[in-house]
Amino acid sequence: MKYIKNILLLCITITVLSCGAYSFTGADTGSATSYQVNYFQNTATLIDPGLDLDFTRALQDLIQNQTSLDLVNSNGDLVYEGEITQYRISPTTATANSTAAQNRLTIGVKVRFYNKKEPEKDFEKSFSFFYDYTGTELLSGTTKTVAYEEIFERLTQDIFNASLANW
């Protein structure tokens, strides 16, 4: 009986410990233990105040939630920096009265990623995504909040996948 208990305890321990190395996000952080996200300045032609800080925080939060890395202000093993290069509202469809039936908000960012542990994984890439809304709505209040959430979710996930996902 004691022999069976020991084997069962060993199997449970191995199972629990082996699950710790697996990540459902596919993140490959290698030997990195920390990351830093530098402030993404808004250099777009059209500027929405606060967009830069909101995006920077969204990227920090996504990495924090999908990895076990520690967020640091300097000397991170992984460094994200860049700028918001595009903020554009454009009509996508028109009505018979030559007014916009639907508008599109497009946000683009340029990202520089540095991996101090594995420099061959460094890159500089541009990412963009959009949100469509009806021409009768103004880009304010709930519409703006929802648009930013959807765009940030896609942009930050694309950046995460390019830098850490091992698909």
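Treat the numbers as computed from the prediction; the structure is a model and nothing was measured.
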### Task
Measure the spacing between OG of Ser163 and CG of Leu59 and express it to the nearest 0.5 Å.
8.0 Å
### Message
So Leu105 and Tyr148, do their side chains get closer than 4.5 Å, heavy atoms only?
### Response
yes
### Task
Begin with the C-alpha distance, continue with both residues' side-chain angles, and end with the deciding distance and a verdict on side-chain contact (heavy atoms from CB on, under 4.5 Å) for Glu83 and Asn42.
CA-CA 6 Å; Glu83 51 274 341; Asn42 192 345; over 6 Å; no
### Query
Would you say the side chains of Thr33 and Asp77 form a donor-acceptor pair under 3.5 Å?
yes
### Query
Is the closest side-chain donor-acceptor distance between Tyr35 and Gln64 under 3.5 Å?
yes
### Message
Side chains of Arg154 and Phe127, heavy atoms from C-beta outward: is any pair under 4.5 Å?
### Response
no
### Task
Starting at CG of Leu78, measure out to CG of Asn115 and round the result to the nearest 0.5 Å.
5.0 Å
### Query
Which distance, rounded to the nearest 0.5 Å, do you find between the CD of Glu149 and the CD of Glu153?
8.5 Å
### Query
Atom OH in Tyr131, atom NZ in Lys144: separation rounded to 0.5 Å?
14.0 Å
#### Entry: Contact list for residues 104-126, test ring-ring contact (aromatic ring centres under 6.0 Å, His included), sequence neighbours left out
Tyr80-Phe113, Phe113-Phe123
#### Entry: Side chain to side chain, Thr92 and Asn103, heavy atoms closer than 4.5 Å
no
### Message
What verdict does the side-chain contact (heavy atoms from CB on, under 4.5 Å) test give for Gln102 and Thr134, after you've listed the backbone C-alpha separation in whole Å, the side-chain angles of each residue and the deciding distance to 0.1 Å?
### Response
CA-CA 4 Å; Gln102 190 172 31; Thr134 63; 5.9 Å; no
### Query
Is it the case that one hydrophobic cluster holds both Ile107 and Phe160, taking links as side-chain heavy atoms less than 4.5 Å apart, direct or via other members?
yes
### Query
Thr143 and Glu137: side chain to side chain donor-acceptor pair (under 3.5 Å), yes or no, with the steps?
CA-CA 8 Å; Thr143 303; Glu137 293 178 282; 3.0 Å; yes
### Query
Are Val109 and Thr85 side-chain neighbours, meaning at least one heavy-atom pair lies under 4.5 Å?
no
### Query
Can Ser34 and Leu69 be said to form a side-chain contact (heavy atoms from CB on, under 4.5 Å), step by step?
CA-CA 5 Å; Ser34 62; Leu69 298 171; 5.9 Å; no
### Task
Only counting residues at least two apart or in another chain, list the ones meeting side chain to side chain contact (heavy atoms under 4.5 Å, CB included) with Phe130.
Arg104, Thr106, Asp132
#### Entry: Asp61 and Arg57 ion-paired at < 4.0 Å
no
### Query
Would you say Leu46 and Arg88 make side-chain contact, with heavy atoms under 4.5 Å?
no
### Message
In the structure I gave you, are the side-chain heavy atoms of Leu139 and Ile89 within less than 4.5 Å of one another anywhere?
### Response
yes
### Message
Under a 4.0 Å threshold between the charged nitrogen and the carboxylate oxygen, would Asp122 count as salt-bridged to Arg112?
### Response
no
May I have the list of side-chain donor-acceptor pairs in residues 49-56 shorter than 3.5 Å, sequence neighbours left out?
unit_1 : atom_1 : unit_2 : atom_2 : d
Asp52  : OD2    : Tyr39  : OH     : 2.4
Thr56  : OG1    : Phe40  : N      : 3.0
Thr56  : OG1    : Asp52  : O      : 2.9

### Task
Starting at CG of Asn73, measure out to CG of Asn38 and round the result to the nearest 0.5 Å.
9.5 Å
### Query
Can you tell if the side chain of Ile47 reaches within under 4.5 Å of the side chain of Tyr87, non-hydrogen atoms only?
no
### Task
State, with a plain yes or no, whether a side-chain heavy atom of Ser128 is found less than 4.5 Å away from one of Gln86.
yes
### Query
With a 3.5 Å cut-off and no angle check, do the side chains of Gln60 and Gln36 form a donor-acceptor pair?
no
### Query
Out of curiosity, Leu155 CG to Phe129 CZ, how far, rounded to the nearest 0.5 Å?
8.0 Å
